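Report on one structure; see the data block that follows.
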2 protein chains.
Amino acid sequence: MDKKTKQKRVELFERQCRSQGVPFTVQRRAILETVLEFDNHPTAEQVHDAVTTRFPGISRTTVYRTLETLVQMGLITKACHPGSVVRYDRRIEVHHHLVCQRCEEVVDISDERLDALPVPDTSSLGFEVFDFRVQLRGICRRCRKKE
Amino acid sequence: MDKKTKQKRVELFERQCRSQGVPFTVQRRAILETVLEFDNHPTAEQVHDAVTTRFPGISRTTVYRTLETLVQMGLITKACHPGSVVRYDRRIEVHHHLVCQRCEEVVDISDERLDALPVPDTSSLGFEVFDFRVQLRGICRRCRKKE
DNA sequence: TACCAAATGATAATGATTGTCAAGTACAAA
DNA sequence: TTTGTACTTGACAATCATTATCATTTGGTA
């Protein structure tokens, strides 16, 4: 992610804070900037480790809380890994995932044909859909070699 | 899930155990049967609570281990919830999920057009894909009312 | 029936996440 | 600019989910 995109995301965050009456703190800014550095799907713990170099002494609790706040505000997303640890993703645009059923690794992919997915009408369920992800399940190269 | 389908799944399990030299124990049978009773996505803890009525005193550890075994054998799947608890799913056929971005509830849906998804060629990534799921992200009725 | 490899159960250990609350800070109002 | 206040932060404890360990038991086969 280039500098400009990152800066824009931070500015968007600041604007949303102002308009929603949410304090725009240095910690929150540092955490968002740190997540934007990851091109994969870091855990809260990994974000905490990374943000510590930028903001020494920042509390683990704050990182956990802020990540959830950022998700709620739509600035980052939660990645859907099968494992038992929550992972975050700076990517908010539509993209998709390859998930290995053996080692549970998740890799991002982009594919125009997947993006063109016909989103079904879910209004009867009361569900308003505004985004989607395709999860391709299979076995990765490494695990196939093992078997 | 009707009785016959359930029975067939158990028999399939037994056959796979025999052919793979995996002991077919009463505990494993009870756990599989219990998961098949759930029409949603139970956690290991929920499965343990439920299986206890059928098999009093069964160990929590055994439930955790067996659920993973069943996933590895392809008899059940892991559901991909955003939260930090692993959830299981008796459904092994292709189906899709509605995920509420507020309360994180996950609801199964079926849709023929989604099933007809053009699976992209991932061989260059060394990935062998044999299944996929679409995750429709949005906001559920209850959460929309709150907002 | 006896053997053995693998599973089970009890328990402890670990790891992730959340709850609590005193102290600090952002931001709006004066 | 100063002040007040609600919200956030950080330290720490508590909880919850999951995994590791190991002695004991059991399924499956010779």
Side-chain angles (χ1 to χ4, degrees), chain A residues 10 13-32 34-35 41-52 54-73 75 78-88 103-104, chain B residues 10-11 13-35 41-52 54-73 75 78-88 103-104:
Chain A
V10 175
F13 178 39
E14 181 160 8
R15 258 178 286 130
Q16 283 193 221
C17 283
R18 307 282 180 219
S19 71
Q20 293 175 34
V22 173
F24 181 68
T25 66
V26 278
Q27 288 93 337
R28 282 176 175 165
R29 186 200 177 105
I31 291 166
L32 174 57
T34 302
V35 176
H41 307 155
T43 64
E45 218 54 39
Q46 289 173 312
V47 174
H48 177 253
D49 287 352
V51 79
T52 292
R54 184 189 301 253
F55 197 115
I58 193 168
S59 159
R60 178 173 275 99
T61 314
T62 301
V63 173
Y64 275 89
R65 271 187 305 222
T66 300
L67 288 169
E68 279 310 301
T69 305
L70 292 172
V71 170
Q72 290 306 313
M73 292 176 78
L75 287 149
K78 269 191 189 182
C80 256
H81 283 233
S84 62
V85 187
V86 176
R87 289 171 172 278
Y88 297 90
C103 67
E104 304 197 331
Chain B
V10 174
E11 284 166 10
F13 178 39
E14 181 161 9
R15 257 179 287 132
Q16 284 193 219
C17 284
R18 305 284 178 220
S19 71
Q20 294 175 34
V22 174
F24 181 67
T25 66
V26 278
Q27 288 93 336
R28 284 177 172 164
R29 186 199 177 103
I31 291 165
L32 174 57
E33 283 175 348
T34 302
V35 176
H41 307 156
T43 65
E45 218 53 42
Q46 289 173 313
V47 174
H48 177 252
D49 288 351
V51 79
T52 292
R54 184 188 301 252
F55 197 115
I58 193 170
S59 158
R60 179 174 274 99
T61 314
T62 300
V63 173
Y64 275 89
R65 272 187 303 222
T66 299
L67 288 169
E68 279 310 301
T69 304
L70 292 171
V71 170
Q72 290 307 313
M73 293 177 77
L75 286 149
K78 269 191 187 180
C80 256
H81 283 231
S84 63
V85 187
V86 176
R87 289 170 172 278
Y88 297 89
C103 66
E104 304 195 331

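Below, read A as the first sequence line, B as the second, and so on, with proteins coming before strands; counting in each chain starts at 1. Because the structure is predicted, anything quoted here is derived from the model rather than measured.
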Degree of bending, the helix from C/dT1-D/dA30 to C/dA30-D/dT1 (end axes from five pairs; round to 10°):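 Axis angle across the helix from C/dT1-D/dA30 to C/dA30-D/dT1, nearest 10°: 40°.
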Give a yes or no answer on whether the side chain of [X] reaches the backbone of [Y] with a donor-acceptor pair at less than 3.5 Å.
{"X": "B/His48", "Y": "B/Tyr64", "answer": "no"}
{"X": "A/Glu68", "Y": "A/Arg65", "answer": "no"}
{"X": "A/Arg87", "Y": "A/His41", "answer": "yes"}

OG1-CD1 distance between A/Thr25 and A/Ile31, expressed to the nearest 0.5 angstrom: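 Taking OG1 in A/Thr25 and CD1 in A/Ile31, the distance rounds to 7.0 Å.
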Interatomic distance, B/Glu68 CD vs D/dT18 C1' [rounded to whole Å]: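 Computing the B/Glu68:CD to D/dT18:C1' distance gives 10 Å.
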Nucleotide D/dT15, atom P - distance to OH of A/Tyr64 in whole Å: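 In whole Å, D/dT15 P and A/Tyr64 OH are 18 Å from each other.
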Taking all non-hydrogen atoms of both residues into account, name the closest pair between [X] and [Y] and its distance.
{"X": "A/Val86", "Y": "B/Pro82", "value": "CG2-O, 4.0 Å"}
{"X": "B/Glu104", "Y": "B/His81", "value": "O-ND1, 4.2 Å"}
{"X": "B/Phe13", "Y": "B/Arg29", "value": "CE2-N, 4.3 Å"}

Contact pattern, 5' to 3', of nucleotides 2-10 of chain D - B, S or - by protein heavy atom under 4.0 Å: -----SSBB
DNA chain D: 5'-proximal contact among B/Ser84 and B/Arg18 (nearest heavy atom):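 Closer to the 5' end of DNA chain D: B/Ser84.
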5' priority, DNA chain D, between B/Arg60 and B/Cys17 [closest heavy atom]: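 On the 5' side of the pair lies B/Arg60.
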Stepwise side chain to side chain contact (heavy atoms under 4.5 Å, CB included) check, A/Leu70 with A/Thr66: CA-CA 6 Å; A/Leu70 292 172; A/Thr66 300; 4.1 Å; yes
Nucleotide range of DNA chain C lying under 4.0 Å from chain B heavy atoms: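 Reading along DNA chain C, I get C/dA6 to C/dT17.
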Partner residues of A/Gln16 under the side chain to side chain donor-acceptor pair (under 3.5 Å) criterion, sequence neighbours left out: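 Applying side chain to side chain donor-acceptor pair (under 3.5 Å) to A/Gln16 gives none.
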Set of residues satisfying side chain to side chain donor-acceptor pair (under 3.5 Å) with respect to A/Gln20, sequence neighbours excluded: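 Expected list: none.
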Touch class at under 4.0 angstrom, heavy-atom based, for B/Arg29 against every strand present: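 Here B/Arg29 touches no strand at all.
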Side chain to side chain contact (heavy atoms under 4.5 Å, CB included) partners of A/Arg54, counting only residues at least two apart: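 Per chain and number, A/Arg54 pairs via side chain to side chain contact (heavy atoms under 4.5 Å, CB included) with A/Ala30, A/Glu33, A/Thr34, A/Glu37.
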